[in-house]
Amino acid sequence: MSEFLRSYLFVYLFCLGLSLGSLANLMLHQLTGGRWGDALRGPMVAAAGLLPLVAIFCFPLLIDLPLVFRWMGDPASVADKSWWLNRPFFLARAALYLAIWSVLALRWLALAARARGTRSPELIRLSAAGLIIYGITVTLAAIDWIMSLTPEWYSSTFGLVVGVAAMQAAMALAVCARTWPALTRPRSAARPQQSAESRALCGDFANLLLMYILTLTYLSYTQYLIVWAEDLPKEIAWYLPRLQTSWRAITLVLILLQFIVPFLLLLMRPIKRDARYLGLIAAVLLLCALLTFFYLVKPAFMPSGLALRWSDPAVAVVFIGAWFLAWRRRLPAVRIA
């Protein structure tokens, strides 16, 4: 049961991130404008609309919380943080986060449906307030659900890292949905010429992915640099298993596939404006997002080294498959020529 719940946590956070990040991207577009938001609206609205459903699926984690959050079974280990890390307050906060996100999503989508694609003042005001709420609640949820797995460790940047990772994953999913026809076209089939508008849109999508790549890399590196400079036992507790055991392989894979390779490819104009290449890059970033949540959660339970449990792929296939099917049913027909 413990392995199932620990696997369920990282998969649940990934699916929650897709829905929550999509809502954040929709609110961001309301404040900034741009044709990219209109082009990606369908996939992101479909994902954001699943937030109330995803919130309900947190209940399996309540089966035996001490199996996941070990400090609940040993309150003395967090005596100096007991004002925050105690079971009743933890559960109350979790319910509050999920309720806020669900209500925000339902309210935003209702206003957006009424506005019919226009940037109404009411929707803009809600988006501005919603992004502030997103930043605060995601930071607190990241502290509760991920950082408290290593309760002696703390980072003021961690909430931003998780929030940006969710928005990047949601953006990659939406780009994959838009470029899916190009990705699935057989190599033997005649490849139609992309229109100028389509190539320009792909360029916009690529620039957004590049922005998220740089932001996430900057935040992650800044966090690591500060911890490395301080070199205090409590500060390095989170990094030791990820840098000095076999978990280091995942660290290197994420550096390579979530930063170096996509960063270099998205600097090349012919690649970033080609729907097939862009779709492949977005698909890799989406897989890296799942690996990121695995990397954020699992080393807390296996500090001696990387080990894949049966529950990791099993839970991922079932839960992500169910989320994807629900998302696909809500997804309008979208394509990019």
Side-chain angles (χ1 to χ4, degrees), residues 1-20 50-103 134 136-155 158-159 161-163 165-166 234 237-238 241-242 247 290-304 306-320 322-323:
M1 180 58 72
S2 61
E3 294 299 336
F4 167 78
L5 292 177
R6 292 165 183 176
S7 300
Y8 192 91
L9 177 62
F10 88 82
V11 175
Y12 177 78
L13 291 174
F14 171 70
C15 293
L16 177 64
L18 291 178
S19 293
L20 195 55
L50 293 177
L51 258 175
L53 180 63
V54 174
I56 294 173
F57 277 91
C58 75
F59 284 105
L61 291 170
L62 304 179
I63 294 173
D64 198 339
L65 281 172
L67 291 178
V68 180
F69 302 97
R70 288 174 290 185
W71 55 266
M72 288 190 183
D74 183 18
S77 64
V78 290
D80 57 332
K81 302 177 181 179
S82 59
W83 64 275
W84 184 266
L85 293 181
N86 62 82
R87 185 166 183 157
F89 194 23
F90 177 91
L91 292 173
R93 290 195 306 273
L96 182 62
Y97 305 147
L98 294 171
I100 289 174
W101 296 333
S102 298
V103 170
Y134 174 82
I136 295 172
T137 53
V138 168
T139 296
L140 295 177
I143 293 172
D144 286 352
W145 299 345
I146 305 177
M147 194 184 300
S148 74
L149 298 174
T150 310
E152 66 272 19
W153 183 71
Y154 179 78
S155 168
F158 191 74
V161 171
V162 174
K234 288 187 177 182
W238 193 84
R242 292 166 173 84
W247 283 105
L290 176 60
L291 187 60
T292 295
F293 283 99
F294 177 79
Y295 178 79
L296 291 176
V297 170
K298 294 291 283 187
F301 307 114
M302 296 180 288
S304 59
L306 171 63
L308 191 65
R309 305 302 188 192
W310 67 268
S311 55
D312 295 331
V315 174
V317 169
V318 174
F319 196 164
I320 296 174
W323 186 95

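In what follows, every heavy atom counts, from backbone to side chain, and hydrogens, waters and symmetry copies are set aside. For clarity, every value in this text was computed on a predicted model and none was experimentally measured.
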Visitor: Considering all heavy atoms of both residues, which atom of Leu296 and which atom of Arg242 are nearest to each other, and what is their separation?
Guide: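 Smallest heavy-atom distance, with atoms named: O-NH2, 3.1 Å.
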
Visitor: Who are the side chain to side chain contact (heavy atoms under 4.5 Å, CB included) partners of Leu96, not counting sequence neighbours?
Guide: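 Listed in chain order: Ile100.
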
Visitor: Taking side chain to side chain contact (heavy atoms under 4.5 Å, CB included) as the definition, give me every residue that meets it alongside Ser102, ordered by chain and number, with sequence neighbours left out.
Guide: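 If we apply the side chain to side chain contact (heavy atoms under 4.5 Å, CB included) test to Ser102, skipping adjacent residues, the hits are Pro52, Ala55.
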
Visitor: Please identify each residue that fulfils side chain to side chain donor-acceptor pair (under 3.5 Å) with Trp247, with sequence neighbours left out.
Guide: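 None.
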
Visitor: Less than 6.0 angstrom separating the ring centers of Phe294 and Phe10, yes or no?
Guide: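 Centroid separation for Phe294 and Phe10: below 6.0 Å.
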
Visitor: Where is the tightest heavy-atom contact between Trp71 and Val78, given as atom of each residue plus distance?
Guide: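 Minimum heavy-atom contact is CB-CG1, 3.8 Å.
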
Visitor: Determine the minimum heavy-atom distance between Leu51 and Ser19, stating which atoms define it.
Guide: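 So the minimum-distance heavy-atom pair works out to CG-CB, 3.8 Å.
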
Visitor: Measure centre to centre between the rings of Trp153 and Phe158, then say whether the value is under 6.0 Å.
Guide: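 Centroid distance Trp153-Phe158: below 6.0 Å, so yes.
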
Visitor: From Phe57 CZ over to Leu16 CG, what is the distance, rounded to the nearest 0.5 angstrom?
Guide: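 Reported to 0.5 Å precision, the distance equals 13.0 Å.
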
Visitor: With Tyr12, which residues qualify under ring pair (Phe, Tyr, Trp, His ring centres under 6.0 Å), at least two apart?
Guide: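 If we apply the ring pair (Phe, Tyr, Trp, His ring centres under 6.0 Å) test to Tyr12, skipping adjacent residues, there are no hits.
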
Visitor: How long is the gap from SG on Cys15 to CG on Leu290, to the nearest 0.5 Å?
Guide: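 Result: 8.5 Å between the selected atoms.
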
Visitor: Under a 4.5 Å cut-off applied to non-hydrogen side-chain atoms, are Arg87 and Pro66 in contact?
Guide: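 Touching, per the 4.5 Å side-chain cut-off.
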
Visitor: Can you find a pair of side-chain heavy atoms, one from Tyr154 and one from Ile143, that are under 4.5 Å apart?
Guide: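 They are in contact (side-chain heavy atoms under 4.5 Å apart), so the answer is yes.
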
Visitor: Should Thr292 and Phe14 be marked as a side chain to side chain contact (heavy atoms under 4.5 Å, CB included) after you check the CA-CA gap, both sets of side-chain angles, and the distance that decides it?
Guide: CA-CA 9 Å; Thr292 295; Phe14 171 70; over 6 Å; no

Visitor: Write down the atom of Phe301, the atom of Leu149, and the distance for their closest heavy-atom approach.
Guide: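 Between these two residues, the closest heavy atoms are CZ-CD2, 3.7 Å.
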
Visitor: For Ala92, what residues pass the side chain to side chain contact (heavy atoms under 4.5 Å, CB included) criterion, not counting sequence neighbours?
Guide: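 Checked Ala92 against side chain to side chain contact (heavy atoms under 4.5 Å, CB included); zero matches.
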
Visitor: For the residue pair Tyr8 and Pro60, what are the closest heavy atoms and their distance?
Guide: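 Looking at all heavy atoms of both residues, the shortest contact is OH-CG, 3.4 Å.
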
Visitor: Which value, rounded to the nearest 0.5 Å, describes the distance between Leu9 atom CG and Leu5 atom CG?
Guide: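 If we round to the nearest 0.5 Å, Leu9:CG and Leu5:CG are 9.0 Å apart.
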
Visitor: CG of Asp144 to CH2 of Trp84: how many Å apart, nearest 0.5 Å?
Guide: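 So the CG of Asp144 and the CH2 of Trp84 are separated by 5.5 Å.
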
Visitor: Which distance, rounded to the nearest 0.5 Å, do you find between the CE of Met72 and the CG of Leu67?
Guide: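 Rounded to the nearest 0.5 Å, the CE-CG separation comes to 11.0 Å.
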
Visitor: Under the side chain to side chain contact (heavy atoms under 4.5 Å, CB included) rule, what do Leu91 and Leu62 come out as? Steps first, then yes or no, please.
Guide: CA-CA 9 Å; Leu91 292 173; Leu62 304 179; 3.7 Å; yes

Visitor: Can you tell me how far the CH2 atom of Trp145 sits from the CG atom of Leu61, to the nearest 0.5 Å?
Guide: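 Interatomic distance, Trp145 CH2 to Leu61 CG, rounded to 0.5 Å: 9.0 Å.
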
Visitor: Please report the shortest heavy-atom distance between Phe293 and Leu13, naming the atom on each side.
Guide: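 Closest approach of Phe293 to Leu13, heavy atoms only: CD2-CB, 3.8 Å.
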
Visitor: What donor-acceptor contacts under 3.5 angstrom involve side-chain atoms of residues 306-314, with partners at least two apart or in another chain?
Guide:
{"unit_1": "Ser311", "atom_1": "OG", "unit_2": "Glu3", "atom_2": "O", "d": "3.0"}
{"unit_1": "Ser311", "atom_1": "OG", "unit_2": "Ser7", "atom_2": "OG", "d": "2.6"}
{"unit_1": "Asp312", "atom_1": "OD1", "unit_2": "Ser7", "atom_2": "OG", "d": "2.5"}
{"unit_1": "Asp312", "atom_1": "OD1", "unit_2": "Lys298", "atom_2": "NZ", "d": "3.2"}
{"unit_1": "Asp312", "atom_1": "OD2", "unit_2": "Arg309", "atom_2": "N", "d": "3.0"}

